[in-house]
Every structure is written in structure tokens, then in C-alpha cells.
Amino acid sequence: MLPVINHPWNVKTSDARDIQSRLRQQVILTPLSDSIYTIAAVDVSYTRWDKIGYAVLGIFSVINDNGNEAFTIKEELIKTRIDSVNFPYIPGYFSFREIPILLPLFETISTKIDVIIVDGQGIAHPRGLGLASHLGLIFDIPSIGCAKSKLIGEYSEPGMHKGDYSDLHIKNRIVGTVLRSKEKCRPLFVSPGYKCTIEDARKMILKLCTKYRLCEPIRRVDEISKTLRKSYQNK
DNA sequence: GCGACAG
DNA sequence: ATCTTGTCGC
């Protein structure tokens, strides 16, 4: 699987800013396909001083129950350890930290992916190019950002029931959804990454939220990456 | 200058 | 993100 976009990663934030502003023009928000069968999720866990990262790519083959819940019938996990994490975490430049870590994972697979779920923002970003958008654009694969907290934007608190939501907007532009994925839990910040609409992103994430606040694909890769880190620290 | 600030 | 036990609320 070859990236359709190529640019340097180890750059100053001022250059990263220019790259983001340029690439955002290529982010298109077309409807997601009706037949989503293969869902990927990615996550990275770090050791205490950021030196080592454990990256996981999970590929989940799902089957829909009349469009309500998605059940995983097969999962494929790809894991990597990164011994030197270069780019620091800077809000707004998250993709320049994580994408270089995630790229090797995608090079090993041949499975066709229908959509990538990312724990981070899609277009709900100061320059319209959060990690999910950047990753989707690079591979030309539809993607969705599903963050646990807000990076930018204004919203009113959504209702307290599962599935309730409100718009996340920047100025007068709607960029995502604040979604109550579980009763009495803090909402998720869902925004389309690439080749996905705001509505399709919300519906897909809600469908993948079964018992917990986080959607199942993210929960799963989160669990795996943390387990990898802990097994390292116990040596 | 001050506050906000994905993971 | 990571460190870290108990504790309060549903």
C-alpha cells in the first residue's frame, strides 16, 4: 500500500503548519460507502519519557445487524515498537508525531480497508487537518476522528442519552459532532477525517459504541498497545 | 498578555 | 500520553 502523498515529517512546526494548510485543500468529505465491511483502528502507547512507542493497527471485519450494531467476526493485529519517538506532542501537530510511527504498520498489510478510525481529530482542527484527516489523505482511505476531548470549536452540551449529539463548530462552520456514546459519560468529539461526511462519521461511531464510552475498535487497539508497553516495563 | 490546548 | 489508590456516584 503506497502513500499517495509524500512530504517530510521531521520538520519545524512552522513548516508543518504550511504543509497542513496546503493539504487541507485535498480533504474531501464525500459520503461513506453503505457497505462498510473492514474497519481499521490505530493507537500508540508511550513509555514514561516518550522515548519508546508501541503502535498497533487493528483490522476488524464486521457484519451489520440491520445497520444497528457491528459485530466483529475476524480481527487482524499488527504491532510495532518504535525505539525513538522524534516529534514531541504539540496540540495541533499531533499527526507529525504519530504518522511516522504508524506508517510501517500499513506497509505490512494487503487487506483492503474501508474506513480508518483514529483517536484524535479529523477536520475539527485549527487548519482543518487533524491526525485522522492527514492519515486518510495519505492512503486515500476514508477516515474518522474520534477524540476523547476537544481540540478546537464551540458546542452546547448534548443530551444525556446514548446517541444524543450537538454540533461542533468553528466560527459559523460545523466541523463535527459532540456525541454521547454512553449514558452519563463525557461525550466523544467525532469529526470526519477524509472521504466521509459529518453525519456518516457520527452514525458509524455510534454503531461501533456498544457497551462502553469508546467505540470497540479504539478500545481494542488501546488495550493491545498498553499491554505491550506494560510487558516491556516489567522486564 | 491570557487562556486553551487531540494524544 | 503516563504516574497512581482510593473513593464517590450512578
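Note on naming: letters A, B, ... go to the chains in the order of the sequence lines (proteins, then strands), and numbering restarts at 1 for each one.
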Query raised in the report: Does C/dT2 have OP1 or OP2 sitting under 4.0 Å from an N or O in the side chain of A/Lys230?
Result: no
Requested in this report: Indicate yes or no: at least one non-hydrogen side-chain atom of A/Leu188 is less than 4.5 angstrom from one of A/Cys209.
Outcome: yes
**Report entry** Any A/Ile73 side-chain heavy atom under 4.5 Å of A/Val62 side chain
**Finding:** no
Requested in this report: Look only at the side chain of A/Glu98 and the backbone of A/Val42, and say whether a donor-acceptor pair between them is shorter than 3.5 Å.
Outcome: no
Query - Geometric cation-pi criterion A/Arg202 and A/Tyr165, 6.0 Å radius, 45° cone - result: yes
**Report entry** Summary of protein contacts for nucleotides 4-10 of chain C, nucleotide by nucleotide, where a base hit scores B, a sugar-phosphate-only hit scores S (4.0 Å, heavy atoms)
**Finding:** ------S
Report task. Report, as a single string ordered 5' to 3', how protein heavy atoms within less than 4.0 Å touch nucleotides 1-7 of chain B: B base, S sugar-phosphate only, - not at all. Result -> ----BBB
Requested in this report: Can you run through DNA chain C from 5' to 3' and write each base as (, ), [, ], | or . depending on how it pairs? Watson-Crick or G-U wobble, both distances under 3.5 Å.
Outcome: ..........
**Report entry** Check: A/Tyr93 ring centroid to A/Phe87 ring centroid under 6.0 Å
**Finding:**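 Ring-ring flag for A/Tyr93/A/Phe87: false, centres at least 6.0 Å apart.
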Query raised in the report: Does the ring center of A/Tyr155 lie less than 6.0 Å from the ring center of A/Phe189?
Result: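 Between A/Phe189 and A/Tyr155, which both carry aromatic rings, the centre distance is below 6.0 Å.
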Report summary line: In DNA chain B, consecutive runs of at least three Watson-Crick or G-U pairs below 3.5 Å, as range with range, amount to none
**Report entry** Steps toward salt bridge (charged side-chain N to carboxylate O under 4.0 Å, His left out) verdict (A/Arg219, A/Asp222)
**Finding:** CA-CA 5 Å; A/Arg219 281 191 85 244; A/Asp222 204 63; over 6 Å; no
Requested in this report: Please assess A/Arg22 against A/Asp18 for the test salt bridge (charged side-chain N to carboxylate O under 4.0 Å, His left out), listing each intermediate value before the final yes or no.
Outcome: CA-CA 6 Å; A/Arg22 179 165 51 81; A/Asp18 292 340; over 6 Å; no
Report task. Only counting residues at least two apart or in another chain, list the ones meeting salt bridge (Lys or Arg N to Asp or Glu O under 4.0 Å) with A/Glu183. Result -> none
Query - Any residue meeting salt bridge (Lys or Arg N to Asp or Glu O under 4.0 Å) with A/Asp83, in chain and number order, not counting sequence neighbours - result: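 Result, salt bridge (Lys or Arg N to Asp or Glu O under 4.0 Å) vs A/Asp83: A/Arg81.
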**Report entry** A/Lys162/A/Asp164 under salt bridge (charged side-chain N to carboxylate O under 4.0 Å, His left out): CA gap, chis, key distance, verdict
**Finding:** CA-CA 6 Å; A/Lys162 179 174 181 175; A/Asp164 288 348; over 6 Å; no
Requested in this report: Can you label the angle between the A/Phe96 ring and the A/His134 ring as parallel, tilted or perpendicular, going by 30° and 60°?
Outcome: perpendicular
